[in-house]
Student: 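Can you read through this structure? Questions will come right after.
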Amino acid sequence: LQTYNALIYGLGKAGRPGKAKEIFYEMQKNGCRPDVITYNTLIYALGKTGEQSEAYDYFKEMKQQGLNPDGFTYSAVINAMGLMGHFEEACNLMTEMKELGCKPDVYVYSTLVNRLSKAGYVDRAWSLFREMKEQGCEPNRVTYNTVIAGLGKAGEMDEAWNLLREMKENGLTLDVITYNSMMDGLRRADQIDEALKLFKEMKDVGLVPDRVTYHILIIGLCVINRTGAAWALFQELKERKYVPDLIMYNILIAGLCRAGLVKDAESLMKEMRDDGCLPDVITYNTMIGGLGNLGRYEDARKLYAEMKERGCTPD
RNA sequence: UUUGAUUAUUGGUC
């Protein structure tokens, strides 16, 4: 049983829910009954990869089999419902678990808070955040990070600052994601200098900025044409021995295109290829847009042809 | 190490 569970888990993580399902049926053929963990793992695998309604089917099936869903089950199903935008159902599931005597834990709340803010329902996310506190479920670092990121996307940085303070007051440790989320919100709100202050602060408290940190700050600086500072950070990233990856190249290419420096963007695209980093659909979209803005329609068309030849599907 | 939640890149809309 544990071997099968582990297999299903691995296939889910590898983004192969179809194979995971095959194993699920194969184990039963071999006389091995799935337990709660098997279902949880399968539901998670399906829910993550766009098979959300199937995830729900297996949720029903496990109940029919007389198995009791637990917090793991509900967080996986609620996440799947949220991804489909079925928030009424997600809320019903919360109610259902309460009725079954299974108190929603911090994972379940955080999952739904995250899905609500991702779907643009920041207000509902906020009330759920308040509700969990009232219900005696203490938000942890991940919950705060989730809410801070949601507020940042909604441009509500005052609230985000309040939460940051609240985290400190509650003795929670801030991590790189906390800082990254704050800095991303600030750069969206055109407060890049505030973001740079936090960047200094995070280093002062001994946190090591990751790639995402640099990506956020470099985007923010590029957008307002502070290219010198952006370039300096790009050098710093390399000093930290972070190899520029696809996302970093996409950010720089977008920055150059935005500034009308499409020729430089083109050479950077060559350079990324030489580094063994293959352009993806975002790279092509960005370049095609940049070329189009300059009226270079023929070159745009060529890139469009090239992306299809390379098996990169236009979106 | 048998299962669950958080941050970044292109376009449109606000």
Side-chain angles (χ1 to χ4, degrees), chain A residues 1-13 20 23 27 34-45 47-48 55 69-80 82 104-118 120 125 132 139-155 160 174-185 187-188 195 209-220 222-223 244-255 257-258 265 279-290 292-293 314-315:
Chain A
L1 176 63
Q2 291 175 351
T3 312
Y4 281 117
N5 286 351
L7 258 174
I8 293 171
Y9 170 69
L11 290 165
K13 280 277 182 243
I23 300 294
M27 71 187 282
D35 64 358
V36 174
I37 294 181
T38 318
Y39 276 100
N40 290 351
T41 312
L42 184 64
I43 290 169
Y44 170 74
K48 277 280 171 188
D70 58 11
F72 285 83
T73 323
Y74 280 102
S75 64
V77 185
I78 287 174
N79 193 46
D105 63 10
V106 66
Y107 280 83
V108 171
Y109 277 113
S110 304
T111 301
L112 190 51
V113 165
N114 179 41
R115 296 283 42 126
L116 285 168
S117 30
K118 286 259 163 40
M132 73 184 281
N140 62 17
R141 181 176 64 209
V142 172
T143 321
Y144 276 97
N145 287 350
T146 307
V147 180
I148 287 175
L151 291 167
K153 287 206 176 26
L174 312 191
D175 63 7
V176 174
I177 295 184
T178 318
Y179 278 98
N180 287 351
S181 304
M182 280 297 300
M183 291 189 293
D184 186 54
R187 71 102 188 151
R188 286 177 196 275
D210 63 6
R211 291 187 145 82
V212 176
T213 315
Y214 287 98
H215 293 173
I216 291 167
L217 293 174
I218 290 173
I219 295 164
C222 282
V223 165
D245 59 2
L246 177 60
I247 296 184
M248 186 75 262
Y249 279 114
N250 284 346
I251 289 168
L252 295 171
I253 287 173
C257 286
R258 208 177 288 118
D280 68 353
V281 61
I282 295 184
T283 322
Y284 284 109
N285 289 348
T286 310
M287 280 302 310
I288 290 171
N293 285 337
D315 63 4

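Letters A, B, ... are given to chains in the order of the sequence lines, protein chains preceding strands, and every chain is numbered from 1.
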Student: Name the closest nucleotide to the A:Thr41 side chain, picking from B:A5, B:G4, B:U3.
Tutor: B:U3

Student: Any idea which of B:G4, B:A8, B:U6 is nearest the A:Arg187 side chain?
Tutor: B:A8

Student: Between protein and nucleotides 10-14 of chain B, what N or O pairs are separated by less than 3.5 Å?
Tutor:
{"residue": "B:U10", "atom": "O4'", "partner": "A:Thr286", "partner atom": "OG1", "Å": "3.2"}
{"residue": "B:U10", "atom": "O2", "partner": "A:Asn285", "partner atom": "ND2", "Å": "2.7"}

Student: Does A:Tyr249 have any ring pair (Phe, Tyr, Trp, His ring centres under 6.0 Å) partners at least two apart in sequence or in another chain, and if so, which?
Tutor: none

Student: Can you tell me how far C1' of B:U3 sits from CG of A:Asn79, to the nearest Å?
Tutor: 14 Å

Student: Kindly indicate whether the side chain of A:Leu112, heavy atoms from C-beta on, has any atom under 4.5 Å from the side chain of A:Val108.
Tutor: no

Student: Rounded off to whole Å, could you give me the CD-to-C1' distance for the A:Gln2 and B:U2 pair?
Tutor: 6 Å

Student: With sequence neighbours excluded, what pairs up with A:Tyr179 under the side-chain hydrogen bond (donor to acceptor under 3.5 Å, both in side chains) test?
Tutor: A:Glu201

Student: Within the structure shown, what part of the strands sits under 4.0 Å from A:Tyr9 by heavy-atom distance: base, sugar-phosphate, or nothing?
Tutor: sugar-phosphate

Student: Locate the shortest heavy-atom distance separating A:Cys257 from A:Thr286; write the atom from each residue and the value.
Tutor: SG-O, 3.9 Å

Student: Is the base of B:A5 touched by the side chain of A:Asn140 through a donor-acceptor pair closer than 3.5 angstrom?
Tutor: yes

Student: Decide yes or no, distance alone: a donor-acceptor N/O pair under 3.5 angstrom between the base of B:G4 and the side-chain of A:Asp70.
Tutor: no

Student: Tell me the interatomic distance from A:Ile288, atom CD1, to B:U9, atom C1', rounded to whole angstroms.
Tutor: 16 Å

Student: Is any side-chain nitrogen or oxygen of A:Lys13 closer than 4.0 Å to OP1 or OP2 of B:U2?
Tutor: no

Student: For A:Arg211, what residues pass the side-chain hydrogen bond (donor to acceptor under 3.5 Å, both in side chains) criterion, not counting sequence neighbours?
Tutor: A:Asp245

Student: Testing the basics here: between A:Ser117 and A:Thr146, what is the closest heavy-atom pair and its distance to 0.1 Å?
Tutor: OG-O, 4.5 Å

Student: Tell me whether the side-chain N/O atoms of A:Arg188 come closer than 4.0 Å to OP1 or OP2 in B:U9.
Tutor: yes

Student: Report the distance from atom CG of A:Leu246 to atom P of B:A8, rounded to the nearest whole Å.
Tutor: 16 Å

Student: Identify whether any heavy atom of A:Ile251 sits under 4.0 Å from a base atom; if not, whether one sits that close to sugar-phosphate; answer base, sugar-phosphate or nothing.
Tutor: sugar-phosphate

Student: As a check on the pairing definition, encode RNA chain B in dot-bracket form, counting Watson-Crick and G-U wobble pairs whose two distances are under 3.5 Å, and using | for partners outside this strand.
Tutor: ..............

Student: Which residue, A:Thr3, A:Leu7, A:Leu1, forms the side chain to side chain contact (heavy atoms under 4.5 Å, CB included) with A:Met27?
Tutor: A:Leu1

Student: Going from CG on A:Asp280 to CG on A:Asn250, what distance comes out if it is rounded to the nearest 0.5 angstrom?
Tutor: 5.0 Å

Student: Just call it for A:Gly71: base, sugar-phosphate, or nothing, with non-hydrogen atoms closer than 4.0 Å on any strand.
Tutor: base

Student: Taking atom P of B:A8 as reference, at what distance in whole Å does atom CZ of A:Arg211 sit?
Tutor: 16 Å

Student: I want to check one thing: is the phosphate of B:U6, taken as OP1 and OP2, less than 4.0 Å away from some side-chain N or O of A:Asn114?
Tutor: yes

Student: Taking atom C1' of B:U6 as reference, at what distance in whole Å does atom CG of A:Asp175 sit?
Tutor: 8 Å

Student: Can A:Asp175 and A:Thr178 be counted as having a side-chain donor-acceptor contact under 3.5 angstrom?
Tutor: yes

Student: Quick check on B:A8: is either OP1 or OP2 less than 4.0 Å from any side-chain nitrogen or oxygen of A:Lys153?
Tutor: yes

Student: From CG of A:Leu217 over to P of B:U7, roughly how many Å is that when rounded to an integer?
Tutor: 17 Å

Student: Would you mind classifying the nucleic acid contact of A:Ser181 as base, sugar-phosphate or nothing, using non-hydrogen atoms under 4.0 angstrom?
Tutor: sugar-phosphate

Student: Considering every strand and a 4.0 Å limit on heavy-atom distances, what is the contact class for A:Thr146: base, sugar-phosphate, or nothing?
Tutor: sugar-phosphate

Student: With a 4.5 Å limit on heavy-atom distance, are the side chains of A:Asp35 and A:Asn5 in contact?
Tutor: yes

Student: Should A:Arg141 be listed as having a side-chain N or O under 4.0 Å from OP1 or OP2 of B:A5?
Tutor: no

Student: Just call it for A:Asp105: base, sugar-phosphate, or nothing, with non-hydrogen atoms closer than 4.0 Å on any strand.
Tutor: base

Student: Could I get the full list of salt bridge (charged side-chain N to carboxylate O under 4.0 Å, His left out) partners for A:Asp210, not counting sequence neighbours?
Tutor: none

Student: Consider the side chain of A:Asp184, meaning its heavy atoms from C-beta on, and name the nucleotide among B:U7, B:U2, B:G4 that approaches it most closely.
Tutor: B:U7

Student: Is A:Lys118 near enough to B:U7 that one of its side-chain N or O atoms lies under 4.0 angstrom from OP1 or OP2?
Tutor: yes

Student: Grab the CE-P distance between A:Met27 and B:U2 for me, whole Å please.
Tutor: 15 Å

Student: Have a look at A:Val113 and say if it touches a base, only the backbone sugar-phosphate, or nothing, with a 4.0 Å heavy-atom cut-off.
Tutor: nothing

